[in-house]
Amino acid sequence: MLEIFVTKKDAAATPVWLVRSADLNNWAAEHAGAGAAWVETSGFKAEAGKVLLLPDGSGGLSGAILGIGDGSDPFVTGALATVLPVQTYRLVGALGETPEKAALGFALGTYAFTRYSGKTREFPRLVLPEGVDGEEVSRVARAIFLVRDLINTPTNDMSPADLAAAVEAVAEAHDAKVSVIEGDELLERNYPMIHAVGRAAAVAPRLIDLTWGRFDAPKVTLVGKGVCFDTGGLDLKPSSAMLLMKKDMGGAANVLALAALVMGAKLDVRLRVLIPAVENSVAGDAFRPGDILRSRKGLTVEIGNTDAEGRLVLADALADADAEEPELLIDMATLTGAARTALGPDLPPFYTDDDVLAAEIAAAAASEADPLWRMPLWQPYDSSIDSKIADVNNAGDSPFAGSITAALFLRRFVGSAKSWVHFDIYGWAPKPKPGRPVGGEAQAIRALYTVLKDRFAPPA
C-alpha cells in the first residue's frame with residue numbers, strides 16, 4: 001500500500017471538509033465562529049480544486065476546506081497533496097458514492113516526474129475513508145504512475161530497448177515471462193511490417209511478448225503500439241508536430257499498466273501482452289511511400305503514407321495475437337489525429353463489433369469516471385482503404401473519417417478472436433486538473449480493468 005495512506009482511524013487526523021460551492025454558506029452556518037469568519041474574510045468560494053487552510057489561532061491548523069465546485073470531478077482531491085502541510089488528514093463531507101475515487105484522487109496528486117530534475121518532496125498522509133481498499137487504490141495509482149513515467153520519459157531514455165526493459169521489470173515483479181524478437185530476426189519469424197517500420201532507426205525494432213497466468217485459463221491478449229518516436233518517416237512531420245512524439249508509445253505504456261493491474265489482482269486469465277517497439281526514423285533504408293509490404297497475415301499493404309506507421313506494426317502483432325483465438329483481444333494506440341479532432345484529448349474513441357462488450361466498456365467508463373466513447377466501424381468507409389495494386393492501403397484515398405478508417409484497417413487483421421476492441425487514445429493531458437498534471441496520462445485502463453475484474457474474477 002502507498003505510504004501516504006493510513007488505515008487506522010486517527011483521532012488526531014486533521015479534518016478536510018469537501019464542500020460544494022452551493023453549500024458553502026451552509027457549512028459556514030454549521031461552523032459558526034473563527035472558521036466561518038475566515039471563510040468570509042478570505043473570499044473563498046469553494047471552486048473546484050481550491051483549498052482554504054483554517055488556522056487554529058495558535059499557529060497551527062484546525063482543518064481545511066476543499067472546494068469541489070458542482071461536485072462533478074470525483075478526483076478533485078488531487079489538489080490536496082501539494083497544498084496541505086505535511087501531517088495526517090481525514091476527509092469529511094461530500095464523498096457520496098465515490099470514496100475510492102476520493103482516495104485515488106489524493107494519491108494521484110502526489111505524482112511528479114522527477115527523473116531529471118531530482119526534486120522530491122514529502123507529502124501529507126490520508127486516513128482512508130471507511131470501506132476503501134487501500135491495496136486496490138494503491139494498485140491503480142501505481143499503474144497510472146507507470147503510464148505517466150513511461151510516456152514522460154524522452155526517447156533518448158525510452159528507446160525500443162528501454163521499453164523492453166520496462167516490460168521485463170513489470171514481468172519480474174509478477175512472475176511473468178518475457179521474450180523479445182529483435183532486428184532481422186523479425187523477418188525470419190515473419191513480422192515483416194514491424195521490421196520495415198523500425199529498420200531505419202539506430203536502435204533495432206523488436207516485438208516484446210509477455211505471458212502470465214495458468215495455461216488453460218481464458219485468453220486475454222493486450223496489444224500496444226510502441227512507437228518510441230515518430231518522425232513521420234520519409235513523409236516527414238513538421239518540427240512542431242514532433243514535439244510530443246515521445247508519447248507515441250502511449251498505447252504500449254497503457255497496456256503494460258493494465259497488465260500490471262491484471263497480474264496484481266491475480267485475475268483468472270491467460271494473459272499475453274504484445275508490444276511492437278520501434279522508432280519511425282529517416283535513413284537510407286527507411287520504408288517509402290509507394291512501397292508494398294507483405295504482412296504477417298499474408299495481406300499486402302501499399303504504403304500511402306509513412307506517417308501512418310502505427311497501424312502497420314499493430315497489424316503484425318494483431319495477426320499473431322488473433323491466431324491464438326483469444327477470448328478477448330484489446331489493442332491500444334496513439335493512432336490518429338482524427339480521433340482528437342472528433343473527440344478532443346480527454347475522450348478516447350473505441351471500436352468493436354461486439355455490442356455486449358461495448359456496453360460493458362461504456363458502463364465501466366461511466367462508473368469509473370474514465371471517459372470513453374464508442375465509434376462505429378462504418379463498413380461503407382472500408383473501400384476507402386482499398387488499393388489498386390495491393391490488398392489494402394495504409395492511408396486510404398480520403399482525408400475524412402481517419403480514426404474510423406484506421407480501425408477498419410486493423411480489423412482486416414483480426415478474425416479469430418472471440419471479441420476485439422481497439423482504443424485510439426491520446427495518452428497526454430494538455431491542461432492540468434487536480435491530480436492530473438500536464439504530461440503523459442493513463443486512458444481507458446481503469447474502465448478496462450473493471451470489465452476484466454467483472455469477467456475474470458480470481459477463484460475464491
Side-chain angles (χ1 to χ4, degrees), residues 143 146-147 167 170 176 207-213 217-226 249-265 267-276 310-311 313-335 339 348-365 368 370-375 377 403 406-427 442-456:
L146 174 63
V147 173
V167 174
V170 171
L207 179 66
I208 308 162
D209 190 345
L210 178 151
T211 54
W212 173 89
K219 294 178 182 175
V220 172
T221 302
L222 313 177
V223 177
K225 175 185 170 184
M249 38 63 68
N254 274 275
V255 299
L256 182 59
L258 178 57
L261 287 170
V262 168
M263 294 185 289
L267 300 189
D268 188 28
V269 298
R270 175 64 174 176
L271 179 68
R272 189 181 186 195
V273 179
L274 286 169
I275 295 174
R311 66 200 69 183
V313 299
L314 285 173
D316 271 357
L318 283 170
D320 186 0
D322 188 63
E324 290 191 331
E325 302 181 8
E327 182 84 6
L328 179 56
L329 175 54
I330 299 168
D331 82 73
M332 303 183 76
T334 52
L335 203 60
F350 71 95
Y351 298 84
T352 182
D353 288 316
D354 186 333
D355 292 340
V356 172
L357 175 61
E360 290 177 10
I361 292 170
E368 296 305 315
D370 194 5
L372 295 167
W373 195 263
R374 187 184 186 185
M375 293 274 277
L377 286 159
S403 182
L408 290 168
F409 178 92
L410 295 178
R411 189 175 68 171
R412 295 199 182 197
F413 296 85
V414 177
S416 299
K418 183 174 180 181
S419 294
W420 164 69
V421 58
H422 160 62
F423 292 83
D424 191 342
I425 66 171
Y426 191 50
Q443 292 185 308
I445 64 171
R446 288 185 296 105
L448 284 170
Y449 179 45
T450 295
V451 170
L452 294 175
K453 283 192 294 183
D454 290 343
R455 284 194 172 200
F456 306 109

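Just so you know, these numbers come straight off a predicted model, no measurement behind them.
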Are any of the side-chain heavy atoms of Met332 and Leu222 separated by less than 4.5 Å?
-> no

Test log, rule side-chain contact (heavy atoms from CB on, under 4.5 Å), inputs Leu410 and Trp420 | CA-CA 10 Å; Leu410 295 178; Trp420 164 69; 3.9 Å; yes

Sequence-distant partners of Asp424, salt bridge (Lys or Arg N to Asp or Glu O under 4.0 Å), two or more places apart = Arg340

Could you pull out all residues at least two apart from Lys418 that satisfy side chain to side chain contact (heavy atoms under 4.5 Å, CB included)?
-> Glu327

Contacts of type ring-ring contact (aromatic ring centres under 6.0 Å, His included), residue Phe409, not counting sequence neighbours | Phe413

In terms of heavy-atom contacts, Leu314 and Gly224 come closest through CD2-C, 4.1 Å

For the residue pair Ala176 and Thr211, what are the closest heavy atoms and their distance?
-> CB-O, 3.4 Å

Those residues that, when tested against Asn254, pass side-chain hydrogen bond (donor to acceptor under 3.5 Å, both in side chains) (two or more places apart) | none

Derivation of the side-chain contact (heavy atoms from CB on, under 4.5 Å) call for Leu329 and Leu318 | CA-CA 8 Å; Leu329 175 54; Leu318 283 170; 3.9 Å; yes

Mind checking what makes side chain to side chain contact (heavy atoms under 4.5 Å, CB included) contact with Asp370, not counting sequence neighbours?
-> Glu368, Arg446, Ala447

Where is the tightest heavy-atom contact between Thr221 and Ala321, given as atom of each residue plus distance?
-> CG2-CB, 3.6 Å

List the atom of Arg270, the atom of Gly213, and the distance in Å for their closest heavy-atom pair.
-> NH1-O, 2.6 Å

Shortest non-hydrogen contact from Leu274 toward Ala317 = CD1-O, 3.5 Å

Nearest 0.5 Å please: distance from the NE2 atom of His422 over to the CZ atom of Arg311.
-> 8.5 Å

Between the CG atom in Leu146 and the CG atom in Leu258, the distance rounded to the nearest 0.5 Å is 11.0 Å

Is there side-chain contact between Asp320 and Arg272, with heavy atoms separated by less than 4.5 Å?
-> yes

Scan the side chains in residues 354-362 for donor-acceptor partners under 3.5 Å anywhere in the protein, sequence neighbours excluded, and list what turns up.
unit_1	atom_1	unit_2	atom_2	d
Asp354	OD1	Val356	N	3.0
Asp354	OD1	Leu357	N	3.0
Asp354	OD2	Ser419	OG	2.4
Asp355	OD1	Arg374	NH1	3.1
Asp355	OD1	Arg374	NH2	2.9
Glu360	OE1	Arg455	NE	2.8
Glu360	OE1	Arg455	NH2	3.3

Is any side-chain heavy atom of Leu452 less than 4.5 Å from a side-chain heavy atom of Val220?
-> yes

Can you tell me how far the CG atom of Leu261 sits from the CE atom of Met263, to the nearest 0.5 Å?
-> 9.0 Å

Set of side-chain hydrogen bond (donor to acceptor under 3.5 Å, both in side chains) partners for Asp316, sequence neighbours left out = none

For Arg411, enumerate each residue passing the side-chain hydrogen bond (donor to acceptor under 3.5 Å, both in side chains) test, keeping only those at least two apart in sequence or located in another chain.
-> Asp353, Gln379

Partners of Glu325 by salt bridge (Lys or Arg N to Asp or Glu O under 4.0 Å), sequence neighbours excluded?
-> none

Among Asp331, Leu335, Leu448, Thr352, find the one that has a side chain to side chain contact (heavy atoms under 4.5 Å, CB included) with Phe423.
-> Leu448

With sequence neighbours left out, the residues meeting side chain to side chain contact (heavy atoms under 4.5 Å, CB included) with Ala363 are none

Could I get the full list of side-chain hydrogen bond (donor to acceptor under 3.5 Å, both in side chains) partners for Asp322, not counting sequence neighbours?
-> none

Step-by-step side-chain contact (heavy atoms from CB on, under 4.5 Å) determination, Ile330 to Leu328 = CA-CA 6 Å; Ile330 299 168; Leu328 179 56; 3.9 Å; yes

Write down the atom of Gly226, the atom of Ile275, and the distance for their closest heavy-atom approach.
-> CA-CG2, 4.2 Å

Results of side chain to side chain contact (heavy atoms under 4.5 Å, CB included) for Ala260 - residues two or more places apart only = Val170, His174

